[in-house]
S.K.: 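Before I ask anything, here is the structure I am working with.
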Amino acid sequence: MVPPLRHGNRFRARAGADSDAAEAVCDQRRRDGHRSWRVHGRAADGAHPALLRRGLAGYDAGPRIHSVPAHARVAVRGRLGVAVCRDRRVSPLARPFARASRSLIRRARPVPVPACSLYCNFMLRLRFAPSPTGYLHVGSARTFIFNWLYARRHGGTMILRIDDTDLERNTEQSLNSIFEGLEWLGLGWDEQYRQSDRLALHKQLAEAILEKGLAYRDFTPADVDDAEKTNSGGPWLFNPGQREIPREESDHRAAMGEKFVLRFRVPREHEETVKFHDLVYGEQAKETRDIEDFALLRSNGAPTYHLASCADDADLRISHIVRGQDHLTNTFKHILIFRAAGVEPPAFAHLPLLVAPDGSKLSKRRHGPVVSVTTYRDAGFLPQAYMNFICLLGWSPKDNREQLSPEELTAAFSFEGVNKSNAVVNFTEEDPFDPKAVWLNAEHLRALAPESLAEQLLPFVQRDWPDATPEKMAAVTPLIRERIRLLGEVRSVADFFFQPELAAYDSTELIPKKGDAALALRVLEEARRALENAEFTHDGLETALRGAAETLGIKAGQMFEPVRVAVCGRKTAPPLFGTLEVLGRDTCLARVEQAAAKLTEKN
RNA sequence: GGCGCUAUCGUCUAACGGUUAGGACAGAGCCCUCUCAAGGCUUAAAUACGGGUUCGAUUCCCGUUAGCGCUACCA
């Protein structure tokens, strides 16, 4: 049986003996009757000194552990920590995920640790419980993020639980896609469970509820009730006759192998109101006469979502359930289950839904890949920008800030700021991304150090030009960083840097404003001379080309235009002198000569 | 149908009884400028509707309308 919730201790993490050393040990122990576990945090070289001082390195490495090791040792590396799971021993519950976990750990990126978690709060346990029936979509991602934010904000524990009780609809592919999405977000979690590993627990709870007389067996065959249910006008509450079957008869029929659904016996003897306080929606109440006798166990013996979810939430000591508003009315049923289990219900926070521009629910079938977070990843969104955007959907820091880093989000997050009405993700068929998301991404891109931006850009460039080098990328990056909004745009903005031969362009493009082909040719010839002799730096090139314009007696703009087209193959491009500098004298001369040839050919 | 939730510019949102209803994105215009961006300035744009309560309602209450959710042996 599920033991009642017990109040744990607020745990204050302490640094190791020498708080200035590059090693901090965080030794945590907890006994709750079900398991006890300890985590050793070992901060390797370069862990953030502030964290070491607070002794947080070990604990805050937590989010980097992607399994539930009974005894895990965690190393923290880098300025803000990448954890490496040193201990391969994985608890039986997590074993199915062990392989995925290792790859996640290998590829984990450092994640900023909020300055506000001054202690680890063992009371505070949040969970994200996706069901693997599709890819991770934006709404789920937001639910995950809000859970994570709240957990990190208050030093709690973040739990990932795969809700896969519906075996028929679950797919391995979907599971992978969820992990892919979460991996990209790079936020991590502390503990991980899979519901299908815990069926015994669910059955135990069902059993206990039946024993208490709070549930009954419904022997109505699955196909019978549908017709009656829908045409009866009022709400369906229960199948007639089934509630009253005496326990002995019920036991007997079950023993004889008759199929049944285990239903919760919602109290109907007298009027009663089920109440709870929602952190977002406030006081909620519903009459028991409006709640139907919902199923706990299906006729194949499998637990329903309601049962499995509550049993696990109780067993895992979940303190706050943060989930989509589509569960708001289900919560009354869950309260009833918790009550029947003899467990104090957790706190609830329901989140407004994310909807399509026409107000309909975001769905794969109707809206396509825009609902999947991997689409954003592939287009070149930065995870922190995506997180920023998604947080602003249904939540506000209330101080007019729009651009927030993950740390700032963590520090600012609270359920008070969560809005009650659904938020529209503004996309169209031509433009699959919300313009605000794109703008935020551009902002985050520019906030990145040039070196790390170059690093992120390189894989996108290499999709088209595998030979691109990090050095070249580093040189190009400053020229384009203000001209791209998504990492993926680098391919169309910087193509001429990486392409050996320029794509074909119309030679009339070379003709400057208020000029003709003859002028263009003169400009290119003068430019060639200038480029041959110029010092190949930004300033040297500017002096040379401006001088050339003067020699020809034309405006500087008329000079630059043909050169730009000759070198870039189009009129809109990054600033000219920097571009020439990066391209180098040989390439520039060759392209200018080619352009001149193009013009003469035509005449 | 029953029950529940929600309602501020095109979109995301602020204003928890007193504001010329604020900010951001997207749009328009101007400036800057070697093109394109970035940046700066300016501009247009909202309290769903009807009743109350109040000296005063975006804000509180009621109704209408609309949208969403739940109403499954899906989650």
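These numbers come from the heavy atoms of this one structure, side chains and all, not from hydrogens, waters or symmetry mates. Below, chains carry the letters A, B, ... as their sequence lines are ordered, and counting in each starts from 1.
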S.K.: Could you tell me the separation between the CZ atom of A:F338 and the CD1 atom of A:I321, rounded to the nearest 0.5 Å?
M.R.: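 Rounded to the nearest 0.5 Å, the CZ-CD1 separation comes out at 4.5 Å.
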S.K.: Checking base pairs now: Watson-Crick or wobble, both atom distances under 3.5 Å. What partners B:rA44?
M.R.: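 Partner of B:rA44: none.
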S.K.: State which residue, out of A:V461, A:V582, A:V490, fulfils the side chain to side chain contact (heavy atoms under 4.5 Å, CB included) condition with A:F497.
M.R.: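 When side chain to side chain contact (heavy atoms under 4.5 Å, CB included) is applied between A:F497 and each of A:V461, A:V582, A:V490, only A:V582 qualifies.
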S.K.: Mind checking side-chain hydrogen bond (donor to acceptor under 3.5 Å, both in side chains) for A:H202 and listing every partner two or more places apart, or none if nothing turns up?
M.R.: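 For A:H202, the residues satisfying side-chain hydrogen bond (donor to acceptor under 3.5 Å, both in side chains) (neighbours in sequence not counted) are A:D312.
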S.K.: Looking at B:rA38, which nucleotide sits across from it as a Watson-Crick or G-U wobble partner, both distances under 3.5 angstrom, or is there none?
M.R.: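 Pair assignment: B:rA38 / none.
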S.K.: Going by distance alone, is a donor N or O of one side chain under 3.5 Å from an acceptor N or O of the other, for A:T572 and A:R483?
M.R.: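 No, no side-chain donor-acceptor pair sits under 3.5 Å.
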S.K.: Give the rounded distance in Å between these two atoms: CG of A:D293 and P of B:rA72.
M.R.: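 Spelled out: CG on A:D293 to P on B:rA72 is 12 Å.
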S.K.: Which part of the nucleic acid, if any, lies within reach of A:N330 when heavy atoms closer than 4.0 Å are counted: base, sugar-phosphate only, or nothing?
M.R.: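 Here A:N330 touches the bases of the nucleic acid.
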S.K.: Under a 3.5 Å cutoff, is there a donor and acceptor pairing between the side chains of A:D539 and A:T537?
M.R.: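 No.
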S.K.: With rounding to the nearest 0.5 Å, note down the distance linking CZ in A:F276 to CZ in A:F332.
M.R.: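 One finds 4.5 Å between CZ of A:F276 and CZ of A:F332.
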S.K.: With a 3.5 Å limit on both atom pairs, tell me what B:rG1 is paired to, counting Watson-Crick and G-U wobble, or say none.
M.R.: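 Across all strands, the one nucleotide that pairs with B:rG1 is B:rU71.
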S.K.: Please classify the nucleic acid contact of A:K361 as base, sugar-phosphate, or nothing, using heavy-atom distances under 4.0 Å.
M.R.: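 Here A:K361 touches the backbone only, sparing every base.
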S.K.: Both distances under 3.5 Å, Watson-Crick or G-U wobble: report the partner of B:rA26, or none.
M.R.: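 Paired with B:rA26, as far as the under-3.5 Å criterion goes, is no nucleotide at all.
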S.K.: A:K420 near the nucleic acid: base, sugar-phosphate alone, or nothing, with a heavy-atom cut-off under 4.0 Å?
M.R.: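 The answer is sugar-phosphate, as A:K420 gets under 4.0 Å only of primed atoms, P, OP1 or OP2.
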S.K.: Taking the C1' atom of each, how far is B:rA24 from B:rC31, in whole Å?
M.R.: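 The answer is 22 Å between these two C1' atoms.
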S.K.: How would you list, by chain and number, every residue that makes a ring pair (Phe, Tyr, Trp, His ring centres under 6.0 Å) with A:F294, sequence neighbours excluded?
M.R.: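 Ring pair (Phe, Tyr, Trp, His ring centres under 6.0 Å) check on A:F294 returns A:F264, A:H306.
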S.K.: Using a heavy-atom cut-off of under 4.0 Å over every strand shown, decide if A:T572 touches base, sugar-phosphate, or nothing.
M.R.: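 Base: the residue A:T572, judged by heavy atoms under 4.0 Å, touches a nucleobase.
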S.K.: Quick check on contacts: within residues 276-290 of chain A, what sits under 4.0 Å from RNA chain B by heavy-atom distance?
M.R.: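 Output list: A:Y281, A:Q284, A:K286, A:D290.
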S.K.: Mind checking if A:F332 touches a base, just sugar-phosphate, or nothing, with heavy atoms under 4.0 Å?
M.R.: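 The answer is nothing, as A:F332 stays clear of every strand by at least 4.0 Å.
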S.K.: Between A:D164 and A:N170, is there a side-chain donor-acceptor contact under 3.5 Å, judged purely by atom types and distance?
M.R.: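 No - no donor-acceptor pair under 3.5 Å links their side chains.
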S.K.: Please give the distance between the C1' atoms of B:rA45 and B:rA38 as a whole number of Å.
M.R.: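 About 26 Å, rounded to a whole number of Å.
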S.K.: Under a 3.5 Å cut-off for both distances, is B:rA7 Watson-Crick or wobble paired, and to whom?
M.R.: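 B:rU65 is the nucleotide pairing with B:rA7.
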S.K.: Looking at B:rU20, which nucleotide sits across from it as a Watson-Crick or G-U wobble partner, both distances under 3.5 angstrom, or is there none?
M.R.: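 Result: none.
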S.K.: So A:G324, base contact, sugar-phosphate only, or nothing? Heavy-atom distance under 4.0 Å.
M.R.: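 No contact.
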S.K.: For B:rA38, does either OP1 or OP2 sit under 4.0 Å from a side-chain N or O belonging to A:R481?
M.R.: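 Answer is no, no contact under 4.0 Å.
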S.K.: Contacts to RNA chain B from residues 546-566 of chain A, heavy-atom cutoff under 4.0 Å, which residues?
M.R.: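 Contacting residues: A:R546, A:F560, A:R564.
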S.K.: Determine the sole option in A:R522, A:R529, A:R528 for which the side-chain hydrogen bond (donor to acceptor under 3.5 Å, both in side chains) test with A:E526 is passed.
M.R.: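 Only one option passes, and that is A:R529.
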S.K.: Let's test your reading of the model: under 3.5 Å, does the base of B:rC70 pair with the side chain of A:T329 as donor and acceptor?
M.R.: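 Result: no qualifying N/O pair found.
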S.K.: Output the residues of residues 349-356 of chain A in contact with RNA chain B, where contact means a heavy atom of the residue under 4.0 Å from an atom of the strand; sort by number or write none.
M.R.: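 Close to the strand are A:L353.
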S.K.: Please give the distance between the P atoms of B:rA15 and B:rG4 as a whole number of Å.
M.R.: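 About 28 Å, rounded to a whole number of Å.
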S.K.: Reckon A:L576 touches a base, only the sugar-phosphate, or nothing at all at heavy-atom distances under 4.0 Å?
M.R.: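 Base, at least one base atom sits under 4.0 Å.
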S.K.: Which nucleotide, if any, forms a Watson-Crick or G-U wobble pair with B:rA57, using both distances under 3.5 Å?
M.R.: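 Base-paired to nothing in any strand shown.
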S.K.: When you compare B:rG2 with B:rG63, how far apart are their P atoms, in angstrom units rounded to a whole number?
M.R.: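 14 Å, rounded to whole Å.
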S.K.: Classify A:N419 by what it touches in the nucleic acid, base, sugar-phosphate, or nothing, heavy-atom distance under 4.0 Å.
M.R.: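 Contact class for A:N419: sugar-phosphate only.
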S.K.: When you check the gap from the basic side-chain N to the acidic O, do A:K275 and A:E283 get nearer than 4.0 Å?
M.R.: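 Between A:E283 and A:K275 there is no salt bridge, as every charged N stays at least 4.0 Å from the carboxylate O atoms.
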S.K.: Base, backbone or nothing for each nucleotide of nucleotides 39-46 of chain B, written B, S, -, heavy atoms under 4.0 angstrom, 5' to 3'?
M.R.: S-------
S.K.: Of the non-hydrogen atoms in A:E581 and A:L541, which two are nearest, and what is the gap between them?
M.R.: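 In terms of heavy atoms, the two residues are closest at N-CD1, 3.8 Å.
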S.K.: When all nucleic acid strands are considered with a 4.0 Å heavy-atom cut-off, which category describes A:V424: base, sugar-phosphate, or nothing?
M.R.: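 Result for A:V424 = sugar-phosphate.
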S.K.: Please work out if A:P130 contacts a base, only the sugar-phosphate, or nothing of the nucleic acid, heavy-atom cut-off 4.0 Å.
M.R.: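 Contact class for A:P130: none.
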S.K.: Would you say B:rC12 has OP1 or OP2 under 4.0 Å from some side-chain N or O of A:S396?
M.R.: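 Checking B:rC12 against A:S396, no side-chain N or O comes under 4.0 Å of OP1 or OP2.
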S.K.: When you measure from the side-chain N and O atoms of A:K398 to the phosphate of B:rA15, is any distance below 4.0 Å, counting only OP1 and OP2?
M.R.: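 For B:rA15, OP1/OP2 do have a side-chain N/O of A:K398 under 4.0 Å.
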S.K.: Counting the atoms with a prime plus P, OP1 and OP2 as sugar-phosphate, which does A:S421 contact under 4.0 Å by heavy atoms, base, sugar-phosphate, or nothing?
M.R.: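 Contact class for A:S421: sugar-phosphate only.
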S.K.: What integer number of Å spans the P atoms of B:rA46 and B:rU11?
M.R.: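 Roughly 12 Å separates the two P atoms.
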S.K.: Do the rings of A:H538 and A:F577 sit parallel, tilted or perpendicular, given the 30° and 60° boundaries?
M.R.: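 The arrangement is perpendicular - the two ring planes meet at more than 60°.
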S.K.: Can A:Y216 and A:D293 be said to form a side-chain hydrogen bond (donor to acceptor under 3.5 Å, both in side chains), step by step?
M.R.: CA-CA 9 Å; A:Y216 64 92; A:D293 285 358; 2.7 Å; yes
S.K.: Rounded to the nearest 0.5 Å, what separation is found between the CZ atom of A:F348 and the OH atom of A:Y281?
M.R.: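 Taking CZ in A:F348 and OH in A:Y281, the distance rounds to 15.0 Å.
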